[in-house]
Each structure stands twice: as structure tokens, then as C-alpha cells.
Amino acid sequence: MLKNQRISFYAASAACILTVIALILFFVTNNTVSYAILNAQWAILCLIAAIAACAGSVFAQMKDVNELIVSALRLVALGLIMVAFTTTLIDRAVVAGGLFTWNGLDTYAWQAFYTGIACVVFQILSALFLVASGCMKQGIKE
């Protein structure tokens, strides 16, 4: 069954795994002492829903469901990942502004900044894999 899948299946599967890693990194950066992310609960919900939508699209493609449904699930996952990305980026940009102006010796701020950057990178990679999988042919090879 997995041998008959197209590259888009594997790209979406990789996006799902990268989103799980981004969620873990989000928890790490959010739990930094004194540097919790504003509206973190929405970003966490968006990432969890994005994982569910992405996994649903992978499962739907594996079961050879209509390409429109698979693409719609990937589009929903992409939108949710971008909401979480925006939330993370905005908050960690504020931390970076403090670090590079007046707060350069705060080790907790540096930890929040570095883990925030790692989280943002994984969110972008996940979004790129979803976009790439959406541009490819869906369905099972014949």
C-alpha cells in the first residue's frame, strides 16, 4: 500500500512529523521562565488541529479519497500552521528586540529566543512541505 503512493504522500507525511516537532519546540519555548508567549493557547490549538488535518489528508490519500478533499485538508493545515507561526514570530521578535538593545545579559531571554527560532524554522519547513505536496498529483499510482 505504501509502495503505490506518490511523492506528495511522503511530503505531507514529513510535514505532519515536522509539525509535531514544532509543537514540542513551542511547548519548550513557551515554558521558558518569564517569557511565555502571548495567546499561546491559540497557537497550541492551531498546531494540534494542523497535525490532525495533515494526518487526515495523509490518511485520505492513502485510502484514495477524492483529490479535492485531500487538498482542502492540506490547505486547512497550512492556514493553521501559519497562524501558529505568526503568533510565535511576533512574540519572539519582541524578545529579540529586547535582547539586541538593552537586555543582552538575560540568559532566559536567550533561551526563549533560540528555542523560538527553532520552532519558527520547523513551522516554516512544515508549511513548505505542505505547499510542495499540494502542488503535486494526489492519489495512488496506477
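Predicted, not measured: the structure shown is a model, and the values here were computed from it. Starting from 1, each residue takes its place in the sequence as its number.
- Within the 4.5 Å cutoff, no side-chain heavy atoms of Q111 are placed close to those of V33.
- For I48, the side-chain contact (heavy atoms from CB on, under 4.5 Å) partners are L23, I44, not counting sequence neighbours.
- Following chains of ILVMFWY side-chain contacts shorter than 4.5 Å, one cannot reach I90 starting from V83, and the two form parts of different hydrophobic clusters.
- Among pairs with a residue in residues 22-81, none fulfils ring-ring contact (aromatic ring centres under 6.0 Å, His included), at least two apart in sequence or across chains.
- Nearest heavy atoms, G116 versus T29: N-OG1, 3.4 Å.
- If you chain together hydrophobic residues whose side chains sit under 4.5 Å apart, I81 and L128 fall into the same group.
- Residue pairs meeting the salt bridge (Lys or Arg N to Asp or Glu O under 4.0 Å) criterion with at least one partner in residues 72-81, sequence neighbours excluded, are absent.
- Nearest approach of Q61 to R6, heavy atoms of both residues: NE2-CB, 4.4 Å.
- Under a cut-off of 6.0 angstrom, the local environment of CD1 in I7 is sparse, with at most 12 non-hydrogen atoms contributed by other residues, nucleotides or ligands.
- Separating the CD1 atom in I37 from the CG atom in N31 is a distance of 9.5 Å, to the nearest 0.5 Å.
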List the atom pairs, with distances to 0.1 Å, where a side-chain N or O of residues 12-19 and a protein N or O form a donor-acceptor pair under 3.5 Å, not counting sequence neighbours.
{"from": "S13", "atom 1": "OG", "to": "F9", "atom 2": "O", "distance (Å)": "2.8"}
{"from": "T19", "atom 1": "OG1", "to": "A15", "atom 2": "O", "distance (Å)": "2.7"}
{"from": "T19", "atom 1": "OG1", "to": "S126", "atom 2": "OG", "distance (Å)": "2.5"}

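- For residues 60-105, the pairs satisfying ring-ring contact (aromatic ring centres under 6.0 Å, His included) are F100-W110, F100-F113, with sequence neighbours left out.
- Judged by distance alone, the side chain of R92 and the main-chain N or O of V120 form no donor-acceptor pair under 3.5 Å.
- F122 and I124 sit in two unconnected hydrophobic clusters of ILVMFWY residues. Membership requires side-chain heavy atoms under 4.5 Å apart, directly or through other members.
- One finds the CD atom of Q123 at 5.5 Å from the CG atom of L47 (value rounded to the nearest 0.5 Å).
- Annotation for A36 and D91: closest pair O-OD2, 3.9 Å, computed over non-hydrogen atoms.
- In this view, V28 and T115 satisfy the side-chain contact (heavy atoms from CB on, under 4.5 Å) rule, not counting sequence neighbours.
- The two residues L80 and A49 have their closest heavy-atom pair at CD1-CB, 3.5 Å.
- In the hydrophobic clustering of this structure, M82 groups with L130; members are Ile, Leu, Val, Met, Phe, Trp, Tyr whose side-chain heavy atoms approach within less than 4.5 Å, directly or through other members.
- Between A77 and C54, the closest heavy-atom pair is CB-N, 4.0 Å.
- Closest approach of L99 and N103 over heavy atoms only: CD2-O, 3.4 Å.
- The hydrophobic clustering, which links ILVMFWY residues whose side-chain heavy atoms are closer than 4.5 Å, places Y114 and V95 together.
- The CG atom of L75 sits 11.0 Å away from atom OG of S57, with the distance rounded to the nearest 0.5 Å.
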